[in-house]
Every structure is written in C-alpha cells, then in structure tokens.
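Numbers restart at 1 for each chain; the letters A, B, ... are given by sequence-line order, proteins then strands.
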2 protein chains.
Amino acid sequence: MFSKATEYAIRAVIFIAQKGSEEHKLALPEIAEAIQSPPFFTAKILQKLTNGSQLIQSVRGPNGGFYIRPEKLTWTIREILNIMGEGEMLDKCVLGLKLCSEINPCPLHEVYKPIKTQLNAMFENKSIGLLVKEMEAGQYFLM
Amino acid sequence: MFSKATEYAIRAVIFIAQKGSEEHKLALPEIAEAIQSPPFFTAKILQKLTNGSQLIQSVRGPNGGFYIRPEKLTWTIREILNIMGEGEMLDKCVLGLKLCSEINPCPLHEVYKPIKTQLNAMFENKSIGLLVKEMEAGQYFLM
DNA sequence: ATAATTAAAGACAAAGTTGTCCTTTTTTAT
DNA sequence: ATAAAAAAGGACAACTTTGTCTTTAATTAT
Ligand code: FES
Ligand code: FES
C-alpha cells in the first residue's frame with residue numbers, strides 16, 4: 001500500500017513519540033533497531049520529517065537525537081503521508097484513472113468509494129498521541 | 001495502491017472482455033488506445049496474462065489479437081492481482097510488519113482489519129463477467 | 001507459395017526506490 | 001579550547017518499475 005520509506009516513517013514517528021522526549025532524545029541506531037529498519041536509510045527519512053514541517057525535532061552532538069514536541073502529538077498519520085508525498089494516494093482511483101470522480105467513474109468506483117472513505121478516516125482520525133495511548137493500553141508492535 | 005502494470009492489466013482485461021470475442025479479436029493498438037496505456041508496455045503485460053494462466057487468449061497474424069474465453073469470465077480481479085504478483089498485498093500489514101496477525105499486531109491493525117476484509121471482498125467478489133455487465137448497465141470508464 | 005499482419009521475445013534506456021557509505025557540521029562534555 | 005558524539009548532507013550503487021524499440025515467429029489472406 002505504501003512505500004518502504006513511508007512505512008518506516010510512520011513506525012519511527014510512533015516509536016519516537018512513545019519512547020522519546022526533549023529530556024530523553026533517541027539516537028538513530030536505537031530507532032532503527034526498534035522498528036527494524038536500515039539505519040542510514042532511516043536517517044534520510046527522519047531528515048524529511050524534520051526539515052520543512054518539523055513534525056519531529058533533531059539535535060546534533062553528544063546526547064543528541066530525535067524527539068517530538070508535545071503539540072505535534074495531535075498530528076495524524078495523514079500528515080506523515082503528506083510529508084512523505086503519498087497523501088494523494090487517498091484520493092486516487094483504484095484502477096489508476098486520472099481522476100476518481102462521480103462523473104468519470106471506473107468500474108470499481110462504487111465499491112471502492114466507501115472503502116476509500118474508511119481509509120481516509122483511519123489516517124485522519126489516528127493522531128500520533130492517540131496511537132501512543134493505544135499502544136500503552138494494549139499489546140502492539142512496531143517490528 | 002497498485003503498480004501501473006497492474007492497473008493497466010485490470011483495465012485491459014475488462015476492455016477485452018467487454019469489446020472482444022473469438023470472432024472479433026482486439027489488436028494491441030486498439031486496447032492501448034481504449035485504456036490510455038503505452039502500447040509496447042501494454043504488450044508485455046498482456047503476455048503475462050496469456051502465458052501461464054491463459055486468462056486471456058492471443059492469436060498472431062492478420063485478424064489476430066486478444067480475446068477472452070467465456071469460461072474465464074468467472075475469474076475475479078483477485079486472479080489478475082495474483083498473476084501480476086500483487087496478490088500478497090491483500091494480506092500484508094499496512095505498516096509493513098513482516099506478518100499481519102493478531103499475535104503481532106501493529107498499532108493500526110484493529111482499524112485496518114475490517115478495511116482489509118472489505119478490500120479482499122471487493123477483489124474476490126467482482127468477477128470479470130460481472131464487471132462487464134455492470135459497465136453495460138451504467139456509465140463507467142476505463143480511461 | 002508469397003506477402004502482409006500481428007503478437008512474442010528480447011534488448012535497452014530512463015526514472016524511481018531502496019540502501020550504503022563518507023564527509024561535514026553542530027553540539028556537548030571535559 | 002579540545003575532543004568526542006551525533007545528525008546533516010551528498011555521493012553513489014543495486015535493484016525495480018516503467019517505457020521504447022527492434023527482431024523474430026506465427027498466422028492469415030491472396
Ligand atoms: S474512479 Fe476509480 S475508484 Fe473512483
Ligand atoms: S499487523 Fe499491521 S495491519 Fe495487521
């Protein structure tokens with residue numbers, strides 16, 4: 001459904017939100033280990049998440065690492081998808097027509113429409129903070 | 001959601017089923033034109049659909065082209081996905097965990113599970129024949 | 001039989017994805 | 001101040017996807 005980069009991005013953000021803080025930053029090797037992702041590749045992805053939107057923060061030097069500001073916990077998976085450039089996927093036609101719409105529907109449009117609505121709801125309703133809370137309540141995994 | 005190749009494959013099969021027959025085979029340029037796909041690339045995809053499974057038939061030479069045997073109209077989109085090698089996508093974890101299961105669920109598993117069930121139902125319930133019938137009843141497009 | 005037509009097959013190229021490594025910059029601890 | 005630690009940034013390689021083109025093989029119409 002998503003690229004490897006986006007999968008790693010989502011898992012990394014959840015892990016950073018769960019285990020990190022400004023006082024206890026997480027270093028790259030720890031993050032990559034926790035989500036079972038290639039470290040150098042993960043570094044590139046984390047840069048993308050810090051650069052423009054500053055969804056996560058990074059600090060260089062000893063005791064440096066990554067953390068997420070509390071106010072960013074209201075952001076949702078959808079925001080991560082947007083940053084990673086896969087946000088449009090949630091608007092697209094399942095058969096690849098240029099536009100998914102009522103006026104030019106593909107043969108699967110009727111069935112797919114309600115599913116697409118649920119996909120959108122899922123990614124827009126699940127905030128990072130909520131996911132962390134759910135992870136603490138139940139038994140969930142990132143690898 | 002799917003690769004370009006798979007999108008073209010599904011659209012091509014539906015078009016061939018709708019407009020072609022053993023008596024009136026469809027040539028490559030006509031198919032590519034109808035689904036707005038690059039002709040040479042489409043040729044490769046159609047070979048994949050004829051080779052092992054013979055989901056579609058091909059005949060070379062003058063008045064040659066592609067058509068689909070009536071008995072294949074009961075096959076579903078899922079079969080096309082399998083042939084194109086994207087069938088596993090419907091079993092996979094949305095966050096890319098090695099296995100999507102109750103014993104090692106990712107934080108999105110609970111929400112995604114019912115959606116995945118509907119995706120699977122969609123691709124397994126829509127047979128090629130049914131899609132053609134629906135296309136003739138309503139106004140649907142392949143480009 | 002011959003020529004025309006059409007898909008099959010293979011070679012190739014451009015672009016994107018995934019992944020690795022090396023150097024630079026920033027920051028902290030001493 | 002200096003050295004160490006950590007991310008940033010850039011170069012690069014392997015692989016996959018997408019797409020194009022050329023040659024070959026099969027089939028049909030004449
Ligand atoms: S047009 Fe294909 S899903 Fe809406
Ligand atoms: S484990 Fe991630 S969707 Fe089931």
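Using a 4.0 Å cut-off on heavy atoms, the residues of residues 3-10 of chain B that approach DNA chain D are B:Ser3, B:Lys4, B:Ala5, B:Tyr8, listed by number.
A:Lys116 places none of its side-chain heavy atoms less than 4.5 Å from the side chain of A:Lys92. Within the 4.5 Å cutoff, the side chain of B:Tyr67 has no heavy atoms near those of the B:Leu26 side chain. The shortest side-chain heavy-atom distance between A:Leu95 and A:Tyr112 does not fall under the 4.5 Å cut-off. The side-chain heavy atoms of A:Met1 and A:Glu7, taken from C-beta on, include no pair separated by under 4.5 Å. Two residues are said to be in side-chain contact when any heavy atoms from C-beta on lie closer than 4.5 Å; B:Tyr140 and A:Asn104 fail this criterion. Side-chain contact check for B:Arg11 versus A:Leu97: some heavy-atom pair is nearer than 4.5 Å.
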_Run the salt bridge (Lys or Arg N to Asp or Glu O under 4.0 Å) test on A:Glu22 and A:Arg69 for me, step by step, so that the C-alpha distance in whole Å, both residues' side-chain angles and the decisive distance to 0.1 Å come before the verdict._
CA-CA 8 Å; A:Glu22 183 156 12; A:Arg69 294 222 176 100; 5.5 Å; no
*Output, in order, the C-alpha distance, side-chain angles, deciding distance and verdict of side chain to side chain contact (heavy atoms under 4.5 Å, CB included) for A:Lys25 and A:Asn63.*
CA-CA 7 Å; A:Lys25 306 184 197 72; A:Asn63 286 312; 5.6 Å; no
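Taking a 6.0 Å sphere around CD of A:Glu124, one finds it holds more than 12 heavy atoms contributed by other residues, nucleotides or ligands.
Rounded to an integer number of Å, the gap from NZ of B:Lys48 to P of D:dG19 is 14 Å. Across the protein-nucleic acid pair, B:Phe2 atom CZ and D:dT16 atom C1' stand 18 Å apart, rounded to whole Å. Separating the CZ atom of A:Phe41 from the P atom of D:dT16 is a distance of 15 Å, rounded to the nearest angstrom.
For B:Phe66 and B:Phe15, the gap between ring centers reaches or exceeds 6.0 Å.
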*Scan nucleotides 5-12 of chain D nucleotide by nucleotide, 5' to 3', and note B when protein non-hydrogen atoms come under 4.0 Å of the base, S if they reach only the sugar-phosphate, - if neither.*
BBBBBBB-
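On the nucleic acid side, DNA chain C has its first and last nucleotide under 4.0 Å of a heavy atom of chain B at C:dA4 to C:dA11, going 5' to 3'.
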